[in-house]
Amino acid sequence: MAETTPPAPPDLAARYEQAKLEISRLRRRLDAEGMLRPWQVELLKLQQHLEAQNLRMIVLFEGRDASGKGGAIRRVARYMNARHCRVVALGRPTAEQRSQWYFQRYVAEFPTGGELVLFDRSWYNRAMVERVFDFCTADEYHHFLRGVTGFEKDLTRQGTILVKLYFSVTRQEQARRFERRRTDPLRQWKLSEIDLQAQDRWDDFTNFKYEMLRCTDTRPAPWVIIRSNDKQLARLNAMKVILGAVDYKDRSADLDFTPDPRIVVTGADEVALMQAERRRLGRFTG
């Protein structure tokens, strides 16, 4: 009588399927990282140009929670010379800092000649997060909107290269990422009290996003919107925008530096799209 192979225990079969899923995810991640590699080489050329010309550069990464800012920053900075590239992510201001000029603690982190600074959130905290959660007064908010354009105009006039990126994620994708943070032990540390309220305050964030873009998108310091539902495409196109801000030497002739118009939108176009949406639906959606 032929022997039959006993079926695998249910828990073993489940672990096997989970392992296959993780291997598939790892392969996709390796493919995505490989796609970014030529652009990371270009970022190194840009950094070398900044050093050689003694130039200062700031890149702001703004957007809702779980919009992909942190992952994009890590990919941009991954191979940079850490002596001339810094990531700045400031926490809540101290009592002493709250008594200072609002921009003071950010200015303290500004680059010196030859340096690139990446801000994981910036002075634009006041335009969205602080206003949504009443961490600042209405007067402080309006003073900020009136003053920030002059501040940035002076900053760029004196030679600092300023790139302002806003990562735009849909409400559904944000909810999916929050759920993954909640259930994945390796990501639970990312889930904050603010995150837990972000979905409920979606419309508030959207309204303040519109006002921020409308009031602070200027010729010296324009906003660039990065559609970030697809993290890999968002990272790639953010790199293209950063590289396009500097006319550095030895730019590769084999790469297409044109951002994907499905992913990258100017601040002015985003404002126009939001206005059209409000006329059509009576409100903003994202």
Side-chain angles (χ1 to χ4, degrees), residues 46 50 53-64 67 69 72-73 76 84-168 205-226 238 241-242 244-246 265-271 274:
L46 180 150
L50 295 177
Q53 300 299 317
N54 203 37
L55 298 173
R56 304 180 303 275
M57 186 172 185
I58 296 173
V59 183
L60 310 185
F61 291 77
E62 291 290 343
R64 300 176 194 263
S67 61
K69 303 181 299 298
I73 290 170
V76 168
H84 301 283
C85 176
R86 289 185 289 117
V87 177
V88 175
L90 299 181
R92 289 187 178 183
T94 64
E96 180 182 8
Q97 288 170 334
R98 285 195 296 270
S99 72
Q100 296 171 344
W101 175 49
Y102 176 70
F103 294 102
Q104 189 164 336
R105 70 189 190 120
Y106 295 102
V107 171
E109 300 292 344
F110 276 11
T112 57
E115 192 176 24
L116 168 64
V117 173
L118 311 174
F119 276 91
D120 185 352
R121 294 196 184 278
S122 68
W123 46 92
Y124 281 100
N125 268 334
R126 177 137 295 179
M128 290 188 66
V129 174
E130 289 189 16
R131 192 68 194 101
V132 169
F133 291 104
D134 292 323
F135 295 155
C136 70
T137 66
D139 281 346
E140 288 172 330
Y141 167 75
H142 291 300
H143 285 316
F144 171 80
L145 290 182
R146 285 196 295 270
V148 68
T149 54
F151 170 73
E152 291 174 350
K153 181 179 180 180
D154 195 49
L155 182 64
T156 56
R157 182 181 60 80
Q158 296 188 48
T160 298
I161 301 161
L162 176 62
V163 178
K164 301 190 313 192
L165 304 178
Y166 183 92
F167 284 69
S168 180
F205 272 105
T206 303
N207 291 332
F208 285 117
K209 168 194 170 184
Y210 171 74
E211 290 299 324
M212 179 185 77
L213 296 179
R214 186 180 67 83
C215 295
T216 67
D217 182 70
T218 64
R219 182 172 295 181
W223 279 104
V224 178
I225 312 303
I226 307 290
V241 172
I242 293 168
V246 180
V265 181
T266 68
D269 284 346
E270 182 79 340
V271 168
M274 294 182 76

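This structure is a prediction, so every number in the text was calculated from the model and none was measured.
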Donor-acceptor contact below 3.5 Å, side chain E62 vs main chain S122: yes
Minimum heavy-atom distance between E152 and T216, given as atom pair plus value: OE1-O, 4.4 Å
Contacts of T160 that satisfy side-chain contact (heavy atoms from CB on, under 4.5 Å) - sequence neighbours left out: R56, I58, L155
Check: G63 main-chain N/O paired with R121 side-chain donor or acceptor under 3.5 Å: yes
Y102 and Y106 aromatic ring geometry - parallel, tilted or perpendicular at 30°/60° bounds: tilted
Point-to-point distance, once rounded to the nearest 0.5 Å, from NZ of K209 to OG of S168: 3.5 Å
Ring-ring centroid check Y124 Y166, cutoff 6.0 Å: no
Heavy atoms from other residues, nucleotides or ligands near CD of E96 exceed 12 (cutoff 6.0 Å): no
Name of the residue among L60, V163, V87 meeting side-chain contact (heavy atoms from CB on, under 4.5 Å) with L118: V87
Short side-chain to backbone donor-acceptor contact, R86 and E109, under 3.5 Å: yes
Within 45° cone and under 6.0 Å: R131 NZ/CZ vs Y141 ring: yes
Between E211 and N207: side-chain donor-acceptor atoms closer than 3.5 Å: no
Full working for side-chain contact (heavy atoms from CB on, under 4.5 Å) between V59 and V76: CA-CA 11 Å; V59 183; V76 168; over 6 Å; no
Approximate separation, where rounding is to 0.5 Å, of F61 CZ and S67 OG: 11.0 Å
Test item: K69 side-chain N/O and R64 main-chain N/O as donor-acceptor pair under 3.5 Å: yes
Under 3.5 Å: donor-acceptor pair, side chain of N125, backbone of E130: no
Test: R92 cationic atom under 6.0 Å from F135 six-membered ring centre, within 45° of axis: yes
Donor-acceptor under 3.5 Å (R98 side chain, P93 main chain): yes
